[in-house]
Every structure is written in structure tokens, then in C-alpha cells.
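Please read the structure below before turning to the comments.
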Amino acid sequence: MRIHLRELLTRAIEKTAQGGALNSTELPPVLLEPPKQREFGDLATNVAMLWAKTAKKPPRAIAETILKNLEDPDGILARKEIAGPGFLNFAFAPKFYYQRLRELAAGKEAALDLGHGAKVQVEFASVNPTGPLHVGHGRVAVIGDVLARLHEATGFKVEREYYVNDAGKQMENLGLSLYARYRELFGEKVDFPEDGYPGEYVTEIAAEIKQKDGDKYLKETKDVAVDYFRRYGGHSLLETIRRQLGEFGIEFGRFFYETDLTRAPLRGRSEVAITIDHLRERGLLYTEEGAQWFRSTQFGDDKDRAVIKSDGELTYFASDIAYHRNKFERRFAKLINVWGADHHGYVPRLKAALRGLGYDPEVLQVVLVQMVQLTRGGEPVRMGKRTGEFVSLDEVLEEVGRDAARFFLLMRKSDSHLDFDLDLAKRQSSENPVFYVQYAHARVASIFEQALKNGVAWNSAQRKIVPVERLELTEEMELIRKMSQINDVLEESVRELEPHRIVFYLLDLAGEFHRYYNRCRVISEDEDLTRARLLLVENTQKTIRRGLEILGVAAPLKMAAR
RNA sequence: GCGCCCGUAGCUCAACUGGACAGAGCAUCAGACUUCGGAUCUGAGGGUUGGGGGUUCGAAUCCCUCCGGGCGCGCCA
């Protein structure tokens with residue numbers, strides 16, 4: 001919707017500037033937005049007010065000049081006026097809406113190309129394979145997935161990547177935990193490791209190993225056994241995680257293993273070693289108390305960070321720098337990391353390291369995702385991975401289904417806490433937002449079912465000759481208006497990396513449709529009007545489907561029987 | 001103690017990043033179909049945007065301060 005007016009407006013502004021109305025050569029940014037008050041029209045801009053400062057002229061005078069210079073050859077504007085302190089308000093003519101509907105029907109508006117094929121990588125989930133995913137992970141995963149879908153839908157070339165931390169102490173703890181459970185299965189009394197993983201799944205994997213190899217690892221040395229268990233457990237749990245994500249509709253293009261960075265090839269050095277060398281060559285490392293430190297304070301971090309410990313071991317940070325260096329070397333136009341918000345303190349040091357290596361840290365954008373609080377009947381559901389009692393993603397999926405789960409996890413801005421009401425999510429009623437949107441989609445399908453029964457002719461030839469001018473109701477204009485906002489919403493959503501905007505938009509659009517449905521009947525004796533209305537609701541349905549697709553939520557033709 | 005995030009209607013949250021009288025859903029109350037699915041719609045009430053100060057034409061949004069909640073602050077990962 002926005003782009004059509006933006007062109008006209010930009011031209012008018014340029015003309016005004018050439019007329020010498022502006023002291024500076026710098027033009028103010030043209031921000032067009034739907035005003036909060038509907039009476040103010042369809043779109044409003046504050047350029048005249050922004051301009052007032054540099055031009056040293058009253059905003060209303062500037063606005064007047066812009067209006068005078070505004071040409072509207074096609075007559076898409078019904079109203080253009082100056083309001084309040086200097087806003088320019090615009091309202092579209094019905095003609096404009098008819099154009100939008102025709103273009104929508106022709107599939108033209110569905111192609112939004114903001115990326116022009118630019119390569120974007122989204123790295124998300126990336127949970128250590130030491131246990132199954134819980135809802136918190138689910139939120140991160142769904143947000144990452146939708147950011148990827150959103151970029152795909154707006155003309156970017158997207159790669160989804162999962163970084164597997166398979167090199168560190170947590171994997172070691174997994175191995176020790178399995179080893180302990182394994183021996184318990186043979187009736188031994190063992191002290192469970194302090195930092196071990198207490199979950200039931202550990203025992204299950206240990207039992208699997210026992211089933212397969214019997215008491216083989218009782219006879220091995222502890223080191224050999226634990227090493228095997230670590231690798232076996234890691235594989236097994238990564239498979240579990242993959243399956244869990246798969247059931248959520250999430251697939252990755254690549255799993256990137258930390259060990260590929262830490263292991264040196266036959267002749268040569270590991271990527272981490274190479275990366276650390278780069279930092280050293282740039283004079284960004286120093287030794288203190290036997291450890292090697294990166295001068296991250298030079299780049300805005302609170303304190304310097306260790307990359308090599310005094311025992312010669314690498315820190316996690318070291319491999320993460322190497323990982324991101326690797327990403328930068330793969331030449332993405334944009335790198336997006338989706339992290340749990342508990343890692344927020346980690347962002348400055350990583351960006352510091354990237355700057356230190358000579359990369360532009362702005363290329364990397366980190367989306368932080370806050371925690372999920374599950375509630376059931378208003379009561380919070382206790383969770384805590386440490387204690388082993390947590391609600392796994394499987395249980396949520398089982399209880400509320402994929403669509404509701406995804407929709408609910410996307411309903412909030414990622415940096416605010418999310419209350420996930422399990423009772424509400426599985427309720428099949430009007431209170432449940434996901435049904436509200438899906439129902440709108442299904443409702444259109446049932447209108448078409450009815451139309452078919454009535455013998456209404458509806459094919460691609462018919463669609464082209466629909467007399468859209470027969471649409472005259474306010475509700476019909478509002479519906480088209482709402483539909484034509486989708487590209488604006490996607491644009492904002494991808495710019496701000498905020499998928500929740502799409503959710504709110506779809507709720508809005510569905511509401512607009514339900515209102516219309518209640519206001520009047522689509523199918524009537526009047527054939528021309530019927531066809532015009534069929535075109536209208538068909539494209540509403542198409543628009544809803546397009547949005548739901550980006551969310552990875554099904555757009556059903558029928559709702560399940562209640 | 002220091003840093004980051006959050007605080008908006010009874011509840012859960014929006015507000016296009018500084019714009020106009022702060023908007024939705026739920027809950028509450030009052031209404032609407034003999035016809036395309038009532039999983040719907042219409043209307044009403046509900047606010048000093050945690051408190052106070054500042055910046056400017058203009059603040060929920062930016063700055064300072066206080067209160068309250070969350071998360072970080074390892075030679076852990």
C-alpha cells in the first residue's frame with residue numbers, strides 16, 4: 001500500500017527541495033504510516049515537521065508547498081490535507097482499492113523482493129545435545145525458523161544453520177552421567193556426578209547401550225567408556241532434537257560442529273588456532289597468569305576475555321570467535337543469531353572480537369529471546385533443566401498441536417517474557433487466536449463450496465472480468481485496505497526482525513473478514529455482485545494463507561469437527 | 001555492587017522506533033442469524049503508560065533518579 005504513495009510523495013518532496021524551500025541538501029526520510037485515528041485517512045507523514053528544523057520554516061507552510069507539488073495523475077487519492085501541527089494526511093479513492101484488488105488477484109502483490117537474492121544466514125536453536133528440547137528452546141527455534149521463512153518470502157536467499165557444541169565440558173558431563181547410569185543398571189552403587197544430567201532420558205540411553213553392548217564398558221577403562229558414552233549420547237540426543245524440531249516443521253540446511261573448528265586437519269592447524277593467530281598478529285592478545293587474553297575492552301567490552309586457559313585448553317569463546325569468523329568468510333550479507341536472552345552479556349564480546357578481526361560487526365544481528373512461562377489453569381508450570389523436571393517440547397506439541405504451539409510462541413515480541421497458557425492453546429473456541437485466523441481461512445473455503453453448489457462460474461477467465469466496481473461497502477474497502485498492507489507489514493517485520501507483527505496483522509485481517517462476513521452475504525441473486533465479492537474473499541483467503549505460510553502454521557480448508 | 005531487558009485497562013499484550021484523543025484480545029455487562037460454518041459479529045464500561053524530574057513544537061518511546069520484576073557479570077559451556 002505504502003509504495004504507491006511513496007513514489008508520488010518523494011517526487012513532490014524533490015520538487016519542493018529544488019524550489020529552494022530547504023536550506024540543507026539533505027532530504028528528510030519519508031516515513032509513511034497508517035495514522036492511529038481512522039478519520040485521518042489511510043497514510044500520514046510527518047516530513048514537513050522533520051523538515052521544519054533545517055528549513056527554518058513553519059511545518060504547515062512546508063506541508064502546503066509539498067501538497068502543491070504533489071501530482072496524482074491516476075487520481076488514486078480521494079483526500080489530501082494538512083492536519084494538526086503539520087501532518088500530511090492522505091486517503092485513497094475507491095479506484096485505488098479496485099486496482100489493489102485486481103493486482104492481488106493477478107498475483108502481482110505477492111512478489112515482494114527486498115533482498116534481491118542477498119545471502120542471509122540464520123543460526124538458531126543450537127542447543128547442546130545434552131538433553132531434549134523444552135518450550136524455551138521451542139520459542140527460540142520457532143522464531144528463528146520464521147525469521148528464515150520471512151527472509152525467503154521477501155527475496156533473500158536463506159541458509160539455516162545449527163551450531164553443535166560437541167566439544168566442551170557439557171558433553172563430558174553427559175558422558176559421565178551416562179556412565180554412572182550404565183553402571184547403576186548393573187546394580188552398582190555409584191555417586192552421580194555433581195554436574196551431571198539428572199533427566200530420565202539419560203537412563204534410557206544408558207539402557208539402550210546396555211541392550212546393545214551388554215557389560216562391555218564395565219570392563220573398559222573409565223576414560224574409554226566415558227569417551228564412547230559422550231559420543232553415543234551426543235549423537236542420540238542430536239537425533240532426538242532433530243526429530244523434535246522436525247515435528248515442529250523445522251529443518252536445517254546445515255549442522256555445524258564445533259569439533260570441526262577445534263580439530264586440526266592432518267597437516268596444519270585448526271581453525272580456532274588460526275583465528276587466535278590472527279588476533280595475536282594484530283596485537284590483541286596478551287598473557288596473564290598463564291592464560292591468554294583478548295583485549296575486548298578496546299572494542300567496548302567491560303573486561304578482557306580469556307581465549308586460552310592456563311592449562312592450554314581453549315575457552316568456549318575461542319571457538320565461537322572462530323565459528324563467526326568462518327561465517328563471515330562465507331560472505332553473507334546478513335548474519336542473524338537467535339539466542340536465549342540469558343546470553344545477552346555475550347554479544348559485546350563477540351562483536352568486539354569480530355571488529356578486532358577486521359569485520360563489520362553490524363552484519364551480525366543477534367535476536368534475543370526471553371523465557372517462556374507455561375501456565376495451566378492460571379497456575380505456572382514449574383520448570384528447570386537443572387533439576388530434570390521440565391516440560392519437554394514433545395509434551396507441548398502433544399497437548400496443543402503444532403499450529404497452536406507455533407502461533408503462541410510467536411505471539412509476543414521476542415525480548416519480552418511469554419506466558420504460554422496451555423489450556424487456552426488447546427481450547428477450540430473463539431478465545432483461541434490461532435483458530436480465529438484459521439477459521440477465517442476455512443470460512444472462505446466454505447463460501448466457495450456453497451458457490452459451487454449454486455453453479456456460480458468461477459475460473460481464471462471469469463476472474464479477469466469481475467466487475468470489482470460493484471464493491472461499494474465501507475467494509476469492502478476496509479478489507480481491501482487491510483489486505484494491501486501485508487507487504488508493508490512484512491517489510492517492517494523483516495527490517496526489525498520481529499515476527500510477532502505478522503501474527504498481529506493476521507488477527508487484524510481475520511477480524512476484518514469476520515466482520516464483513518457478518519455484515520453481508522457473498523452469494524446472492526446478483527451475479528455480478530456475487531463475482532465481485534467472491535474475488536474479494538478469495539483474495540482475503542490468499543492473503544491469510546500467505547501470512548500463515550510464513551508463520552509455518554497450516555491454513556485449513558475445514559476446521560476439525562468440534 | 002555493575003551491565004542489559006522489562007513494568008501500558010482486572011488478566012495477556014500491541015503501539016511501524018519521537019507523532020495526532022495510548023489500541024486489541026480475554027474477562028464483565030447488554031445485544032445480533034428461518035439463508036454462505038455462531039470457532040462469528042455489534043455495543044458499553046474500564047488508563048496520571050510503576051513514581052518523580054528533564055530534553056522539544058510533540059514522550060509509553062530519548063536522558064537522569066527512585067521503586068518493583070527478570071537475566072547476566074568465570075581461565076563454565
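Sequence lines set the chain letters: A, B, ... in the order given, protein chains first and strands last, and positions in each chain run from 1. Here the structure is a predicted model, which means the values were calculated and not measured.
Here R515(A) pairs with E512(A) in a salt bridge; the nearest charged N to carboxylate O distance falls below 4.0 Å. Between E492(A) and R2(A) a salt bridge is recorded (basic side-chain N to carboxylate O distance below 4.0 Å). With respect to E362(A) and K351(A), no salt bridge is recorded, no charged nitrogen being found less than 4.0 Å from a carboxylate O. For the pair E498(A) and R501(A), the salt-bridge criterion is met [side-chain N within less than 4.0 Å of a carboxylate O].
Between the C1' atoms of rU61(B) and rC2(B), the separation comes to 25 Å (whole Å). A distance of about 33 Å separates the C1' atoms of rC64(B) and rG74(B), rounded to the whole Å. With both ends at atom C1', the span from rA27(B) to rG69(B) equals 25 Å, rounded to whole Å. One C1' atom belongs to rU35(B), the other to rU28(B), and the distance between them is 33 Å to the nearest Å. Taking atom P in both rC21(B) and rC16(B), the straight-line distance is 16 Å, to the nearest Å.
Side-chain N/O atoms of R521(A) and base N/O atoms of rC33(B) include no donor-acceptor pair closer than 3.5 Å. Side-chain N/O atoms of H343(A) and base N/O atoms of rG72(B) include no donor-acceptor pair closer than 3.5 Å. A donor-acceptor contact under 3.5 Å links the side chain of N46(A) to the base of rG19(B). Taking 3.5 Å as the limit, the base of rA20(B) and the side chain of N89(A) contain a donor-acceptor pair of atoms between them. For S446(A) against rC36(B), a side-chain-to-base donor-acceptor contact under 3.5 Å is absent.
If you find the closest nucleotide of RNA chain B to L32(A) and to N165(A), the one lying nearer the 5' end belongs to L32(A).
For the OP1/OP2 pair of rC76(B) and a distance below 4.0 Å, the side-chain nitrogens and oxygens of K309(A) include at least one atom meeting the criterion. Contact annotation: H500(A) side-chain N/O to rA15(B) OP1/OP2 distance is under 4.0 Å. Phosphate proximity of rA14(B) to R412(A): absent, as no side-chain N or O sits under 4.0 Å from OP1 or OP2. Between K36(A) and rA20(B) there is a side-chain polar atom (N or O) within less than 4.0 angstrom of OP1 or OP2. Between Y517(A) and rG38(B) there is a side-chain polar atom (N or O) within less than 4.0 angstrom of OP1 or OP2. Proximity of Q37(A) to the phosphate of rA22(B): no side-chain N or O atom is located under 4.0 Å from OP1 or OP2. When the side-chain nitrogen and oxygen atoms of Y436(A) are compared with OP1 and OP2 of rC41(B), one or more of them lie within a distance under 4.0 Å. Dashed line: the shortest gap from a side-chain N or O of S414(A) to OP1 or OP2 of rC5(B) is not under 4.0 Å. The side chain of K303(A) contributes an N or O atom lying less than 4.0 Å from OP1 or OP2 of rG74(B).
Atoms NZ (K482(A)) and C1' (rG23(B)) sit 12 Å apart, rounded to a whole Å.
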For this session: Any chance you could lay out the salt bridge (Lys or Arg N to Asp or Glu O under 4.0 Å) test for R79(A) and E39(A), step after step, and finish with the verdict?
Result: CA-CA 11 Å; R79(A) 241 173 51 221; E39(A) 315 93 74; over 6 Å; no

Exercise. When you look at R519(A) and E475(A), which way does the salt bridge (Lys or Arg N to Asp or Glu O under 4.0 Å) test go after all the steps?
Worked result: CA-CA 8 Å; R519(A) 167 69 203 280; E475(A) 285 87 347; 2.8 Å; yes

For this session: Would you check, one step at a time, whether the test side chain to side chain donor-acceptor pair (under 3.5 Å) holds for H417(A) with R412(A)?
Result: CA-CA 8 Å; H417(A) 292 253; R412(A) 304 289 173 241; over 6 Å; no

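In this structure, F40(A) reaches the bases: a heavy-atom distance under 4.0 Å links it to at least one base atom across the strands shown. Nucleic acid contact for R495(A): sugar-phosphate only, since backbone atoms but no base atoms lie under 4.0 Å from a heavy atom of the residue. H514(A) comes within 4.0 angstrom of sugar-phosphate atoms only, judged by non-hydrogen atoms across all strands, and of no base.
Heavy-atom minimum distance, Q370(A) versus D415(A): CG-O, 3.2 Å.
Checked against rG37(B), rC41(B), rC75(B), the side chain of T315(A) finds its nearest nucleotide in rC75(B).
Centre separation under 5.5 Å together with a plane angle under 30° does not hold for the ring of Y439(A) and the six-membered base ring of rG37(B), so they are not marked as stacked. By the 5.5 angstrom centroid cut-off and the 30-degree plane limit, F87(A) is classified as stacked against the base of rA20(B).
Taking 4.5 Å as the limit, every side-chain heavy atom of R533(A) sits out of range of all side-chain heavy atoms of V466(A).
Stem analysis of RNA chain B (Watson-Crick or G-U pairs, both distances under 3.5 Å, runs of at least three) returns B:1-5 with B:69-73, B:10-13 with B:23-26, B:28-32 with B:40-44, B:50-54 with B:62-66.
The neighbour count for K309(A) NZ, taken as heavy atoms of other residues, nucleotides or ligands under 6.0 Å away, is above 12. The environment of Q462(A) atom CD is dense: over 12 non-hydrogen atoms of other residues, nucleotides or ligands sit within 6.0 angstrom.
Residues of residues 523-546 of chain A that place a heavy atom closer than 4.0 Å to RNA chain B, in numerical order, are I523(A).
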